[in-house]
Amino acid sequence: MRLSRFYLPVLKETPSDAQIVSHQLMLRAGMVRQQGAGIYAWLPLGFRVLKKIEQIVREEQNRAGAVEMLMPTIQPANLWRESGRYEAYGKEMLRIKDRADRDMLFGPTNEEMITEIFRAGVRSYKDLPKMLYHIQWKFRDEIRPRFGVMRGREFLMKDTYSFDVDEATARQSYNKMFVAYLRTFARMGLKSIPMRADTGPIGGDLSHEFIVLAETGESAVFCDKGLIDMDCPKKDIDFDGDLQPIIDQFTSLYAATDEIHDAAEFEKTVAANDRLAARGIEVGHIFFFGDKYSAPMKALVAGPEGRDVPVQMGSYGVGVSRLVGALIEAYHDDDGCKWPMAVAPFHAGVINLKPGDNAADKACQEIYDGLAAAGVEVLYDETRARAGEKFARMDLIGLPYQVIVGPRGLEKGEVEFKRRADGLRETMAVGKVVETIANAVKAELRYS
RNA sequence: CGGGGCGUAGCGCAGCCUGGUAGCGCAUCUGGUUUGGGACCAGAGGGUCGCAAGUUCGAAUCUUGCCGCCCCGACCA
């Protein structure tokens with residue numbers, strides 16, 4: 001992609017509205033533009049990151065055996081009257097009327113709708129289990145949106161719903177999502193820690209929040225350091241096998257957010273130098289809620305004994321748009337973003353310091369074509385901006401690798417290679433830089 | 001929703017208290033000089049001062065109402 005054709009409105013100054021670094025950088029790097037409180041337009045650069053995250057989430061859901069579908073953003077109120085939540089949900093739900101004066105709403109979640117869809121097509125326990133998911137925009141009319149996309153009113157969410165005949169099998173569905181989530185966040189370069197969450201009126205131990213550690217995280221978290229070193233399940237894991245040992249392993253050590261943190265228990269069960277008090281961002285939440293919706297909404301299946309029983313359900317959310325912010329919180333420095341390869345808007349940037357110069361243009365084109373042929377996504381800065389501005393801009397948008405091409409280096413047949421993550425810079429020949437980056441990108445995109 | 005703050009050019013801000021031709025820096029455009037880490041000189045364009053009433057000879061400035069945004073709190077992916 002040529003930068004001159006792209007739309008990348010970067011800001012030199014930090015807009016005063018933005019309080020946290022991810023919000024500031026998303027505005028400065030031209031990733032989003034605010035359209036109202038908690039409502040953002042995704043500009044091309046931000047959109048590319050969003051889509052990469054979405055795709056990783058999708059692949060790991062599919063791997064775990066969930067099936068993708070798509071439910072609408074607008075829902076009729078009657079569905080919600082069946083579950084009793086139309087009244088219960090309060091002002092957080094955005095209520096709309098259509099032209100016939102029917103009550104509608106912009107969906108804050110989809111339990112009711114998926115339950116309706118499920119009950120229309122499943123009659124017998126023999127059709128179970130099922131896991132369905134979609135990735136769709138939600139709207140929650142938060143009292144106070146803040147922190148940019150981290151806490152917007154409109155947000156992109158992946159939500160999966162599981163259907164099982166009893167709690168024992170529902171636990172297996174829960175475990176699949178548990179493992180899928182560990183893998184999903186790890187693939188983005190994020191270390192996520194499952195933490196026990198409040199299960200509300202349902203009770204039981206089947207609710208976990210997945211927390212990403214970040215110094216600027218929104219909530220205080222407490223856990224055993226041992227959790228950080230635990231290995232993520234590999235991609236060849238058998239999701240139909242027994243996942244319980246993995247869940248037991250990850251839930252064996254103390255981990256809690258400040259809301260349910262028990263200082264006494266923390267000190268009793270975790271050795272002093274294994275205690276980690278840190279800050280984190282919630283990026284996923286999984287929970288089992290049994291027949292909360294299936295009972296009132298009559299989503300029944302014939303059980304093995306021939307009697308109808310309400311299906312046992314769970315739901316599993318990932319904050320896709322929030323992850324963009326979380327990733328920046330986890331990967332940035334004073335100069336800008338530092339994207340992990342898997343979610344980078346482009347894998348590499350090529351800076352032509354002197355567009356119009358024959359040698360520079362030719363070398364850039366050669367590098368661009370070479371990288372493209374190797375499957376590397378490249379943003380080519382062939383604008384007439386000054387060198388310093390180009391460097392600052394490339395650092396700000398945070399592409400993992402940069403190639404800096406100018407007449408001075410080309411006299412010696414060299415270009416500069418720069419790695420954004422640690423600032424490593426090396427001069428090398430045109431041919432070698434293509435090979436170096438192509439290999440690095442391939443290696444960093446590989447996952448297990 | 002309670003408490004606080006702010007709306008003046010694309011961005012960051014001054015001017016408001018004490019009413020009298022709307023300013024500064026950055027960005028943009030033109031010309032020139034520069035040219036490997038956010039240049040310099042000269043010139044130019046761009047704002048019904050959030051909206052609406054009111055007070056006044058005269059309102060960005062004073063009054064009232066409304067709208068929007070941000071911060072702290074309770075709430076949440």
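Protein chains get the first letters and strands the later ones, always in sequence-line order, with residue 1 at the start of each.
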Spacing of A:E389 atom CD relative to B:rU34 atom C1', expressed in whole Å: 15 Å

Euclidean distance, atom CH2 of residue A:W137 to atom P of B:rA77 [Å, nearest integer]: 17 Å

Sugar-phosphate, base or nothing in reach of A:I351, heavy atoms under 4.0 Å: nothing

Phosphate OP1/OP2 of B:rC72 contacted by A:R144 side-chain N/O (<4.0 Å): yes

Whether A:F289 and A:Y293 hold their rings parallel, tilted or perpendicular, with breakpoints at 30° and 60°: perpendicular

Side-chain N or O of A:K390 closer than 4.0 Å to phosphate OP1/OP2 of B:rG36: no

Salt-bridge criterion met for A:E377 and A:R48 (N-O under 4.0 Å): yes

A:R384 CZ - B:rC29 P separation (whole Å): 13 Å

Test: A:K138 and A:D159 ion pair at under 4.0 Å: yes

Touch class at under 4.0 angstrom, heavy-atom based, for A:G152 against every strand present: base

No-H, no-angle donor-acceptor pair, A:Q34 side chain to B:rG68 base, under 3.5 Å: no

Check the interface with nucleotides 3-9 of chain B: list each N/O to N/O pair with the protein under 3.5 Å, or write none.
none

Length of the CD-P vector between A:Q35 and B:rC70, whole Å: 12 Å

Pi-cation contact, A:Y86 with A:R81 (under 6.0 Å, within 45°): yes

Sugar-phosphate, base or nothing in reach of A:T14, heavy atoms under 4.0 Å: sugar-phosphate

Presence of A:R151 side-chain N/O under 4.0 Å of B:rC76 phosphate oxygens OP1/OP2: no

Sugar-phosphate only, base, or nothing, as touched by A:G406 at under 4.0 Å among non-hydrogen atoms: base

Phosphate OP1/OP2 of B:rA39 contacted by A:R386 side-chain N/O (<4.0 Å): yes

A:H261 ring center near A:Y254 ring center (under 6.0 Å): yes

A:G409 or A:R33, whichever maps to the more 5' nucleotide of RNA chain B: A:R33

Distance, rounded to the nearest Å, where A:D335 contributes CG and B:rG37 contributes C1': 10 Å

hbond_proxy A:R28 side chain to B:rG38 base (donor-acceptor, 3.5 Å cutoff): yes

Geometric cation-pi criterion, A:K235 with A:Y447: 6.0 Å, 45°: yes

Side-chain donor/acceptor of A:R408 to base of B:rG37, under 3.5 Å: no

Partner nucleotide of B:rG2 by Watson-Crick or wobble geometry (both distances under 3.5 Å): B:rC72

salt_bridge(A:E59, A:R183) N-O dist < 4.0 Å: no

